There are 2 protein chains.
Amino acid sequence: MRLVIARCSVDYIGRLRAHLPLAVRLLMVKADGSVLIHSDGGSYKPLNWMSPPATLRVAEPGEDDAEAGIIETWTVQSAKTDDKLVISIHERFSETSHDLGVDPGLIKDGVEADLQRLLAEQITKLGEGYTLIRREYMTAIGPVDILARDAAGATVAVELKRRGDIDGVEQLTRYLELLNRDPLLAPVKGVFAAQQIKPQARVLAHDRGIECLTLDYDAMRGVDDSASRLF
Amino acid sequence: MRLVIARCSVDYIGRLRAHLPLAVRLLMVKADGSVLIHSDGGSYKPLNWMSPPATLRVAEPGEDDAEAGIIETWTVQSAKTDDKLVISIHERFSETSHDLGVDPGLIKDGVEADLQRLLAEQITKLGEGYTLIRREYMTAIGPVDILARDAAGATVAVELKRRGDIDGVEQLTRYLELLNRDPLLAPVKGVFAAQQIKPQARVLAHDRGIECLTLDYDAMRGVDDSASRLF
DNA sequence: CACTATATTTCGTGC
DNA sequence: GCACGAAGTATAGTG
């Protein structure tokens, strides 16, 4: 990994066009040829970048460029698309290089899969007397997150999201339409369960007779004793 | 901005839990207290991070930690949420610090907003005699990108995308359903306009009586004389 | 290899 | 400030 602190301007031409005026920034060149341009603010997203695989070509400035104060021009070309990043360096303040090796990668816990496991284990969160039929119930158009049976014996399809918005309601609607064609299952009720449900999604769900359920992950996690196994 | 190359392990506890095993990485500490942890690969997204505003607290290791080889512990605490990042440093290879100042920021051209402006200006791309009613026509379920009137005086709702896929057709369908309930507007025709329209989206649109229109951004940009002002 | 669904999404914009 | 939609979305899982 190569780290350069430099006063530079940047132009990107590819899926769109973008320009960064002259300023001091960090240029990070990774081993796979990708380049990240970071300022001293914002979030984790760089101001501009080139995704790997890419190749970096360094050129001396032409006469006009030198006149404009450019001491070096970097051209970062994507290997797969015709996206291009042109970095015009006006002043270099620092340059370091380090061998980091391959990273072992991130271990996560608490994503949708964990929510699904917890709700399957605590299926009565849906209501008194509910029983689990199965998780990831396969249909022709994809898997239904959870299929259950209510106290009266009716089938219930659950769509699970960390954040519930309209797309999730549309998805559940498609499943319900399909499941209700199966005489062995019909009539199938729908439940839209998420940690947070957006107002518009709630309105749409209600309009389609779908029940909304807000889940408290921490509370459900507290009930589950396997939470401490990971670390 | 502070740049540290170190052998470290990282634990994140917040909206989810995540763990990074011991390895050599770049730690980037920004002026707003945010921290980014980068490996020498992947894309522009860091392995782990803390969003601003945040505060970094550095602590000497306790007896057990020192025994485990830790020379320093960083605790990055989010100021707004209770997200926390704990970085255990085992070996430091490099440390530099630079004053970058405030960045002037990125100038973009070619995103959906530009397409929308161009199509509104060149509304007859939709057809002979079309007139613009307004852009971003607000409804209860969100804004319709462009509302126009055709030569016969009928209302036309346009959904605009850079890349047209099924989601966009679903979105337009919802708008049309709503708009057609309004007797002042009904009947409302739908037009799905994008730089590229996927075959599946085209089929779905046709099935619902929605017209598809492929836009040539460069050509539309060429007509507009304000395109040259940006750079 | 293509499609699909998720994301500690982040980022801008309108209300 | 909140909610919603776009992103050069990126990324991981599955058929």
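Below, chains carry the letters A, B, ... as their sequence lines are ordered, and counting in each starts from 1. Every heavy atom of this structure was used, including side-chain atoms; hydrogens, water molecules and symmetry mates were not. Remember, it's a predicted structure, so these values are computed and weren't measured experimentally.
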Contact under 4.0 Å: B/S51 side-chain N or O vs C/dT10 OP1/OP2: yes

Face-to-face stacking of A/W49 with D/dG8, centres under 5.5 angstrom, angle under 30°: yes

Phosphate contact (D/dA6 OP1 or OP2) by B/K161 side-chain N/O below 4.0 Å: yes

For atom CD of B/E112 and atom P of D/dC4, their distance in whole Å: 17 Å

Main-chain N/O of A/V86 paired to A/D11 side chain as donor or acceptor, under 3.5 Å: no

Length of the line joining B/D167:CG and C/dC3:P, which is rounded to integer Å: 14 Å

Side-chain donor or acceptor of B/D83 paired with backbone N/O of B/S78 under 3.5 Å: no

Side chain B/R202, main chain B/C212, donor-acceptor under 3.5 Å: no

Check nucleotides 12-14 of chain C against the protein and report each pair of N or O atoms closer than 3.5 Å, with its distance, or say if there are none.
none

Test log, rule side chain to side chain contact (heavy atoms under 4.5 Å, CB included), inputs B/W74 and B/L27: CA-CA 11 Å; B/W74 290 11; B/L27 307 173; 3.8 Å; yes

Any donor-acceptor pair under 3.5 Å from A/Q122 side chain to A/M220 backbone: yes

Whole angstrom value for the distance that separates P of C/dC11 from CG of B/D103: 13 Å

Of B/K80 and B/A113, the one whose closest DNA chain D nucleotide lies more 5': B/K80

Strand contacts (DNA chain D) in residues 190-202 of chain A, 4.0 angstrom heavy-atom criterion: A/K198, A/P199, A/Q200

Side-chain (A/K161) to main-chain (A/F192) donor-acceptor, under 3.5 angstrom: no

Distance, rounded to the nearest Å, where A/D114 contributes CG and D/dA12 contributes C1': 15 Å

Gap in Å between the two P atoms, one belonging to D/dG8 and one to C/dT6, rounded: 22 Å

Touch class at under 4.0 angstrom, heavy-atom based, for A/Y12 against every strand present: base

Pairing of B/E170 and B/R174 as salt bridge, 4.0 angstrom limit: no

Whole-Å distance separating the CG atom of A/L106 from the P atom of C/dA7: 13 Å

Residues in salt bridge (Lys or Arg N to Asp or Glu O under 4.0 Å) contact with A/K189, at least two apart in sequence or another chain: A/D150

Check: B/D32 side chain, A/G41 main-chain N or O, donor-acceptor pair, under 3.5 Å: no

Rounded distance (Å) that lies between atom P of D/dA10 and atom CG of A/N48: 12 Å

From CZ (A/R17) to OH (A/Y12), nearest 0.5 Å: 11.0 Å

Interatomic distance, B/D165 CG vs D/dG5 C1' [rounded to whole Å]: 14 Å

First encountered from the 5' end of DNA chain D, between B/G42 and B/Y175: B/Y175

Short side-chain N/O contact from A/T81 to OP1 or OP2 of D/dG8, under 4.0 Å: no

Euclidean distance, atom CD of residue B/E170 to atom P of C/dA5 [Å, nearest integer]: 12 Å

Side chain of B/Q171 - closest among C/dT10, D/dA6, D/dG8: D/dA6

